[in-house]
Amino acid sequence: MTPDELSGALSAALASAVADGTLALPADAIPASVHVERPRQREHGDWATNVALQLAKKAGTTPRALAEDLARRLEATPGVKAVDVAGPGFLNITLDAAAAGELARAVVTAGPAYGRGDALAGQVINLEYISANPTGPLHIGHTRWAALGDSLARILRAAGAEVAAEYYINDAGAQMDRFGGSILARARGTEVPEGGYKGQYVAELATKVLAERPDLLDLPDDEALEVAREEGYRLQLAEIRQVLESFGVHFDVWFSERTLHESGAVGKAVERLREQGHVYDQDGAVWLRTTDFTDDKDRVMIRANGEPTYFAADAAYYLSKKDRGFPGKIYLLGADHHGYINRLKAIAAAAGDDPETNIEVLIGQLVNVGGAKLSKRAGNIIELRDLVDWIGADAVRYSLARFPADTPLELQGEDLLKQTNDNPVFYVQYAHSRTAAVDRNAADRGVARLREDGSDAFDPSLLSHETESVLLGQLTEFPRIVAAAAQHREPHRVARYLEQLAGDYHKWYAECRVLPYPDEDVTDTHRTRLWLNDAVRQVLANGLDLLGVSAPERM
RNA sequence: GCGCCUGUAGCUCAGUGGAUAGAGCGUCUGCCUCCGGAGCAGAAGGUCGGGGGUUCGAGUCCCUUCAGGCGCACCA
């Protein structure tokens with residue numbers, strides 16, 4: 001019995017109470033679906049609901065009286081073993097072991113699809129994250145968004161949304177010329193100009209550019225600058241893509257800011273917003289009246305010198321997303337960018353969209369990693385690729401994905417290297433590899449999900465141990481966890497769930513043997529427990545996949 | 001000054017308005033003749049920053065206050 005089915009049974013119980021006059025409640029006061037949850041305390045049964053507490057007042061009765069009436073009606077439901085009224089009027093529901101145990105087979109049958117749902121079906125979402133300048137390597141500041149953004153994309157898709165993960169390449173503007181100038185200076189063996197990029201990686205880029213363009217030093221200044229800039233850009237962007245690839249992060253679209261300028265999209269964006277009546281000219285510049293919406297001051301789009309601002313490109317980019325058919329636009333930004341929220345929302349509003357539904361900005365606090373070596377090649381920062389080389393992609397991704405984005409983080413690098421409970425990723429991965437070890441041993445011992453003659457050995461009533469009841473309840477939760485993680489845009493819910501599930505699995509493993517002792521025969525209990533083992537294995541694998549973390553068979 | 005985020009166990013952090021506030025680490029005590037001890041069982045550890053309020057019920061929602069982080073460009 002799933003929570004949805006139980007919820008339906010509760011609604012039916014409410015409806016029948018109203019129908020026979022026991023419950024004086026208008027039809028529209030009956031919730032379409034009654035919320036059921038896993039109680040904290042195991043003694044409180046498999047499921048609990050507070051519906052009687054919520055409805056008693058409206059019905060002019062006491063919570064306990066209503067709860068007791070509902071309990072009597074619910075007890076008749078097949079699969080329900082017991083219903084108790086507790087405390088002020090909670091309903092505590094216990095399921096038959098057989099009804100609960102059926103889930104083990106259902107999970108194995110569903111396979112990788114278990115946990116996927118349609119909570120976000122029909123939603124088309126553009127998810128933008130990282131979007132770092134291509135003027136240097138990715139560093140720790142980008143790493144949190146890489147881990148979180150990629151996991152979020154996977155989770156949103158699992159919940160039924162159509163998602164395009166997008167990287168906005170800030171390849172226009174003055175910083176690109178400073179980048180090119182820095183490379184050129186290094187190539188010529190001179191000092192990097194004031195305000196340029198000074199990291200060792202610039203010298204490395206210069207060497208590579210020179211290898212490809214030995215004529216660089218013979219070119220006139222403006223031509224040399226362009227070659228240095230363009231070749232450096234190409235090499236640096238390739239490195240960023242390669243590092244993200246090694247981190248398991250995939251983008252569907254790499255969007256170049258330049259194309260907005262070159263195609264005239266920026267100018268058109270200004271004109272479109274002008275037609276909407278939100279653009280005005282003052283002091284020789286062109287302004288967007290963002291104060292009409294939620295911003296605290298108006299923003300310049302075209303400077304007095306005729307150059308468009310970064311903000312104008314942002315507006316054009318927003319319109320591009322809109323025109324490309326994305327009603328939903330999610331931006332993952334660092335806390336140091338939270339000042340942009342209002343102006344981004346103002347762009348949406350000025351474009352005639354609803355800033356509440358068409359745009360969503362997730363702000364994340366910064367991360368610090370204690371004990372990490374600063375990068376010599378990139379200067380006084382921690383590079384993503386060094387972090388991955390040092391700690392490993394799985395551990396880095398997992399430890400970033402298991403915290404909400406708005407939690408300021410101080411990770412200890414040494415802890416992430418430990419293959420112990422200091423490091424939850426190993427706890428979860430260990431549980432998965434343990435399920436795989438059980439499978440291997442089961443094969444050796446002649447234990448299979450079917451009997452030797454191929455007949456069905458699955459008997460869910462045999463999954464009656466306390467730890468099995470807990471484990472099954474936890475497996476039941478997975479689809480709801482995925483849906484909640486998608487709706488709240490919180491991948492950490494999946495990680496926390498996996499840690500709980502891994503713990504429940506280890507407890508079960510310590511109490512219930514899947515394999516017979518050497519002197520025992522194989523029974524249906526062993527075969528049925530193998531179903532449960534494999535169901536846990538599947539859910540651990542599905543959940544780790546949502547986080548972009550591997551599910552090893554051996555460790 | 002204005003705005004956003006965060007204050008929960010010694011440490012790092014969970015906690016869709018529900019029951020006795022949780023996990024890991026650290027400290028202490030047990031468990032390997034049999035499926036992986038990278039595990040399990042147990043103990044100790046809390047004015048949920050402070051103060052008001054909303055209600056059957058507040059760590060959670062509202063107000064206020066204190067502390068920390070970040071941001072307030074014709075930069076990108």
Student: A:R527 and side-chain hydrogen bond (donor to acceptor under 3.5 Å, both in side chains): which partner among A:T523, A:D524, A:T525?
Tutor: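 Of the listed residues A:T523, A:D524, A:T525, the side-chain hydrogen bond (donor to acceptor under 3.5 Å, both in side chains) partner of A:R527 is A:D524.
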
Student: Considering only the P atoms, how many Å lie between B:rA23 and B:rA43, rounded to the nearest integer?
Tutor: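 Comparing P positions in B:rA23 and B:rA43 gives a spacing of 10 Å.
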
Student: Can you figure out which of B:rU12, B:rA41, B:rC74 approaches the side chain of A:A304 most closely?
Tutor: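 Output: B:rC74.
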
Student: Work out how far the C1' atom of B:rA44 is from that of B:rG26, and round it to whole angstrom.
Tutor: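 After rounding to an integer number of Å, I get 12 Å for this pair.
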
Student: For A:Y505 and A:Q500, which I'm curious about, is there any donor-acceptor pair between the side chains at under 3.5 Å?
Tutor: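 No, no side-chain donor-acceptor pair sits under 3.5 Å.
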
Student: Considering only the C1' atoms, how many Å lie between B:rG18 and B:rU55, rounded to the nearest integer?
Tutor: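 Between the two C1' atoms, the distance is 12 Å.
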
Student: For the side chain of A:L409, counting heavy atoms from C-beta on, which of B:rC35, B:rC13, B:rC72 is nearest?
Tutor: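 The nucleotide sitting nearest to the side chain is B:rC13.
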
Student: Nearest to the side chain of A:Y430 - B:rA14, B:rA38, B:rC74?
Tutor: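 Closest nucleotide among those given: B:rA38.
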
Student: Check every atom of B:rA76, B:rC5, B:rC74 against the side chain of A:Y340 and return the nucleotide holding the closest atom.
Tutor: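 Closest nucleotide to the A:Y340 side chain: B:rA76.
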
Student: Would you measure the distance from the P atom in B:rA41 across to the matching atom in B:rG53 and give it in whole Å?
Tutor: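 Looking at atom P only, B:rA41 and B:rG53 are 43 Å apart.
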
Student: Between B:rA19 and B:rU60, how far is it from one C1' atom to the other, in whole Å?
Tutor: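 Between the two C1' atoms, the distance is 16 Å.
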
Student: Verify the contact: side-chain N or O of A:N441 to OP1 or OP2 of B:rG36, cut-off strictly under 4.0 Å; return yes or no.
Tutor: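 Result: yes.
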
Student: Does the side-chain ring of A:F90 sit on the six-membered ring of the B:rA19 base, less than 5.5 Å centre to centre and under 30° in tilt?
Tutor: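 Yes.
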
Student: Hunt down the Watson-Crick or G-U wobble partner of B:rC40, both distances under 3.5 Å, from any strand shown, or write none.
Tutor: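 Pair assignment: B:rC40 / B:rG30.
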
Student: Output the single nucleotide from B:rG39, B:rA14, B:rC74 whose closest atom is nearest the side chain of A:V300.
Tutor: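 It is B:rC74.
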
Student: Would A:D444 and A:R440 pass as an ion pair if we require N to O under 4.0 Å?
Tutor: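 Salt bridge: no.
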
Student: Which base sits across from B:rC2 as a Watson-Crick or G-U pair, both distances under 3.5 Å?
Tutor: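 B:rG71 - that is the nucleotide pairing with B:rC2, both distances being under 3.5 Å.
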
Student: It should be established whether A:K345 places a side-chain nitrogen or oxygen under 4.0 Å from OP1 or OP2 of nucleotide B:rC4.
Tutor: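 The answer is no; no side-chain N or O of A:K345 sits under 4.0 Å from OP1 or OP2.
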
Student: Is B:rG7 paired to anything, Watson-Crick or G-U wobble with both distances less than 3.5 Å, and if yes, which nucleotide?
Tutor: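 Per the H-bond distance test, B:rC66.
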
Student: Check if the side chain of A:N50 and the base of B:rG18 share a donor-acceptor pair of N or O atoms closer than 3.5 Å.
Tutor: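 Check passes, donor-acceptor contact within cut-off.
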
Student: Are there over 12 heavy-atom neighbours, none belonging to A:N305, within less than 6.0 Å of that residue's CG?
Tutor: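 Above 12, so yes.
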
Student: Could one point to a donor on the side chain of A:H35 or the base of B:rU16 with an acceptor on the other under 3.5 Å away?
Tutor: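 Side chain to base: pair present.
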
Student: Could you check whether the side chain of A:H337 and the base of B:rG71 have a donor-acceptor pair of N or O atoms closer than 3.5 Å, going by distance alone?
Tutor: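 When only heavy-atom distances are counted, A:H337 does not reach the base of B:rG71 through any donor-acceptor pair under 3.5 Å.
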
Student: C1' atom, B:rA67 versus B:rG50: distance in rounded Å?
Tutor: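 Result for the C1' pair: 11 Å, nearest Å.
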
Student: Using whole Å, report how far CD of A:Q365 lies from P of B:rG7.
Tutor: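 Going from A:Q365 (CD) to B:rG7 (P), I get 10 Å.
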
Student: Is a donor-acceptor contact shorter than 3.5 angstrom present between the side chain of A:D314 and the base of B:rA76?
Tutor: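 Looking at the base of B:rA76, it does not pair with any donor or acceptor on the side chain of A:D314 (distance under 3.5 Å).
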
Student: Need the pair for B:rG22. Rule: Watson-Crick or G-U wobble, both distances under 3.5 Å, any strand; none if unpaired.
Tutor: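 WC or wobble partner is B:rC13.
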
Student: Please classify the nucleic acid contact of A:E257 as base, sugar-phosphate, or nothing, using heavy-atom distances under 4.0 Å.
Tutor: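 A:E257: no heavy atom of the nucleic acid under 4.0 Å.
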
Student: When both hydrogen-bonding distances must be under 3.5 Å and the geometry is Watson-Crick or G-U wobble, what is B:rG57 paired with, if anything?
Tutor: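 Because no pair has both required distances under 3.5 Å, B:rG57 counts as unpaired.
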
Student: Any side-chain N or O of A:Y509 below 4.0 angstrom from OP1/OP2 of B:rA38?
Tutor: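 The answer is no; no side-chain N or O of A:Y509 sits under 4.0 Å from OP1 or OP2.
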
Student: Indicate yes or no: does A:R64 engage A:E68 in a salt bridge with an N to O separation below 4.0 Å.
Tutor: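 So A:R64 pairs with A:E68 through a salt bridge.
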
Student: Counting side-chain heavy atoms from C-beta on, which of B:rC35, B:rA38, B:rA14 comes nearest to A:F426?
Tutor: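 The nucleotide sitting nearest to the side chain is B:rA38.
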
Student: Quote, to the nearest angstrom, the C1' distance that separates B:rA21 from B:rG57.
Tutor: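 It comes out at 15 Å once rounded to the nearest Å.
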
Student: Could you please name the option among B:rG71, B:rG39, B:rC13 that lies closest to any side-chain atom of A:D336?
Tutor: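 The nucleotide sitting nearest to the side chain is B:rG71.
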
Student: What distance do A:N133 atom CG and A:L138 atom CG have between them, rounded to the nearest 0.5 Å?
Tutor: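 Taking CG in A:N133 and CG in A:L138, the distance rounds to 10.5 Å.
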
Student: Tell me which nucleotide among B:rG36, B:rG18, B:rU16 gets nearest to the side chain of A:P88.
Tutor: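 For the A:P88 side chain, the nearest candidate turns out to be B:rG18.
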
Student: Can you tell me, in whole Å, how much space there is between the C1' of B:rG52 and that of B:rC11?
Tutor: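 Per the computed distance, 32 Å lies between those C1' atoms.
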
Student: Using a strict threshold of under 4.0 Å (side-chain N to carboxylate O), is an ion pair present between A:R274 and A:D281?
Tutor: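 Answer for the salt bridge query: yes.
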
Student: Looking at the side chain of A:A437, which of B:rC13, B:rA41, B:rG36 is the nearest nucleotide?
Tutor: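 In terms of side-chain proximity for A:A437, the closest of B:rC13, B:rA41, B:rG36 is B:rG36.
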
Student: OP1 or OP2 of B:rC72 versus the side-chain N and O atoms of A:H338: is any pair under 4.0 Å?
Tutor: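 Checking A:H338 against B:rC72: no side-chain N or O falls below 4.0 Å of OP1 or OP2.
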
Student: When you compare the side chains of A:E166 and A:Y331, does any donor N or O come within less than 3.5 Å of an acceptor on the partner?
Tutor: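 A:E166 vs A:Y331: no donor-acceptor pair found between side chains.
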
Student: Could you check which of B:rG36, B:rU6, B:rC72 has an atom nearest any side-chain atom of A:D406?
Tutor: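 From the listed options, B:rU6 comes nearest.
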
